[in-house]
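These numbers come from a predicted model, not from an experiment.
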Amino acid sequence: MSGGTLLALAVIVAALLLVARVKAPAVYWVLVGLPAALYRVLSSYRQTMEACELTVAPPWWKVFARKLSAGEQEARPGIPKIRGVRPTTTGLRLRLRLAAGLAPDDVVKSAERLRHAWGIYSVHVAELKPGVVDLRLTGFDVLDRVRMPRRLATGPLSVTVALREDGRPFVRDYQDIPHALTLGANKSGKSMYQRCLIKGLAPLDVAVVGIDCKRGVEQGPFAPRLSALATTPDQADGLLDALVAEMEERFDLLCLHQGIAPGTPLEDITSDIWGLPKNLRPVPIVVLIDEIAELFLITSKADGVRRDRMVTQLVRLAQLARAVGIYLEVCGQRFGSELGKGATALRAQLTGRVVHRCNDKQTADMGLGDVNELAVIAATSIAPERAGTAIAGDSSGGWSRIRTPKTTLGEVASVCREFAHLTPDIPVLAAFRPRDVAPADAWELAPESV
């Protein structure tokens, strides 16, 4: 092969790699970025640890041994030891055994310095067990163009909704975190988050209940998969009463089949529906509230009675319904004390927090102020062109940046029609069950209960 041919081939390969870097960053990372990152990390590991002050004084016996050995150099300080290296399609994972005297917080504080030292897009630290941490190195911006992992979430009520900035999926597990609050300004991605949630719930054995007081423009297209839908505050009032009645019936079922008779095995005694036999277990219910402020705001004094009743029912559901498999997913632009009595009490029961771009710090404080102050700052710094990006946190104080994939309304509506046969029939909610009107794909609500 001539020199000119080799040069042309090299130019073509270089051009393809440049295109891959922009159009297919995961491919570019595997071919070029990963080998380069491995070389930088492994060849400069000790020097980087020392420069980032992730060191401890050497043990006394090493110092003593060095002094006894004539001509030996001074004992070097201890650093975290690499206990595993795992390449991924989005980055690199290092498992480190910390030297005695170091804590995971020391590594967290040095994450930004490690990122620059190794030329990596981001560095995330996760504690696995005492003395062992995971360094998740990301080679490129995985949230720029979200590509969801092929592996689905496991569990009867687990839904993969978004992608974390470290490349891991963000899973909404209702058994782990029963109630959640989603906040964000207009065009921030709240509706996209809700669509991904419904798309993930549709194939599961679960009843989905919608409250969309914007006349159903957001949740109406999902009618084939909804067991109930309220599109006005008056309908929402009746639907919440029905949900509370269903909750009380389920508590009666639990008491009846709790299994506390003499001689009953201890493992058969339960206080929630997941401990019941499968043939007795009622279907879980996920309640999606599109704009919570519409249930709190009133236009006249006469609306105050209805508002207070709805707020009371919502607080009761948030406090009690988890044990009987009823879960709340509350969305809104703001959710503070200015909405009136009961708002703070309800918000306190919503453990999961997802906050999209906010126009003011006060809104971010409503969702993340009791989680982590750094999470509040991150929520207020999301760029408008990064719609769908959000900060997810919980009461443990942990938080991460996530982004939902772009999902059209028609795509989710198609999934809901595909799995319409899984929509459970719950008698107490029958009056609020939406029904399709063929052939125009329109829908209407069944007569409202009184």
Charged N to carboxylate O below 4.0 Å: is that the case for [X] and [Y]?
X: R386; Y: D141; result: yes
X: D105; Y: K109; result: no
X: R95; Y: E127; result: no
X: R316; Y: E248; result: yes
X: R168; Y: D166; result: yes
X: R172; Y: E329; result: yes
X: K199; Y: E411; result: yes

- Pairing residues for V305 by the side-chain contact (heavy atoms from CB on, under 4.5 Å) criterion, not counting sequence neighbours: R309
- Query: Quick one: side-chain contact (heavy atoms from CB on, under 4.5 Å) partners of S110, sequence neighbours excluded?
  - Reply: C52, L54, R113
Distance in Å, [X] [atom1] paired with [Y] [atom2], rounded so as to fall on 0.5 Å steps:
X: E112; Y: S122; atom1: CD; atom2: OG; answer: 9.5 Å
X: L197; Y: M192; atom1: CG; atom2: CE; answer: 14.0 Å
X: W118; Y: L92; atom1: CH2; atom2: CG; answer: 9.0 Å
X: I402; Y: T389; atom1: CD1; atom2: OG1; answer: 9.0 Å
X: R307; Y: T312; atom1: CZ; atom2: OG1; answer: 9.0 Å
X: K81; Y: L94; atom1: NZ; atom2: CG; answer: 14.5 Å

- Item | Minimum side-chain heavy-atom gap I382-H356 below 4.5 Å | no
- Considering only heavy atoms from C-beta outward, does the side chain of C196 approach that of P405 to under 4.5 Å? yes
- Query: Have T231 and Q235 got a donor and an acceptor in their side chains that come within less than 3.5 Å?
  - Reply: yes
- Are T363 and R334 linked by a side-chain donor-acceptor pair shorter than 3.5 Å? yes
- Task: Output every pair passing ring-ring contact (aromatic ring centres under 6.0 Å, His included) with a member in residues 156-187, not counting sequence neighbours, ordered by first then second residue.
- Result: Y174-Y327
Between [X] (side chain) and [Y] (backbone), is there a donor-acceptor pair under 3.5 Å?
X: K190; Y: G184; answer: yes
X: Q219; Y: I211; answer: yes
X: R353; Y: L368; answer: no
X: S227; Y: P424; answer: yes
X: W274; Y: V324; answer: no

- Exceeds 12 heavy-atom contacts within 6.0 angstrom, atom CZ of R86: no
- Message: Atom CZ of residue position R322 - does it have more than 12 heavy atoms of other residues, nucleotides or ligands inside 6.0 Å?
- Response: no
- Step-by-step side chain to side chain contact (heavy atoms under 4.5 Å, CB included) determination, V315 to Q349: CA-CA 8 Å; V315 173; Q349 299 296 326; 5.5 Å; no
- side-chain contact (heavy atoms from CB on, under 4.5 Å) with V330: which of L183, T182, L350, V287? L350
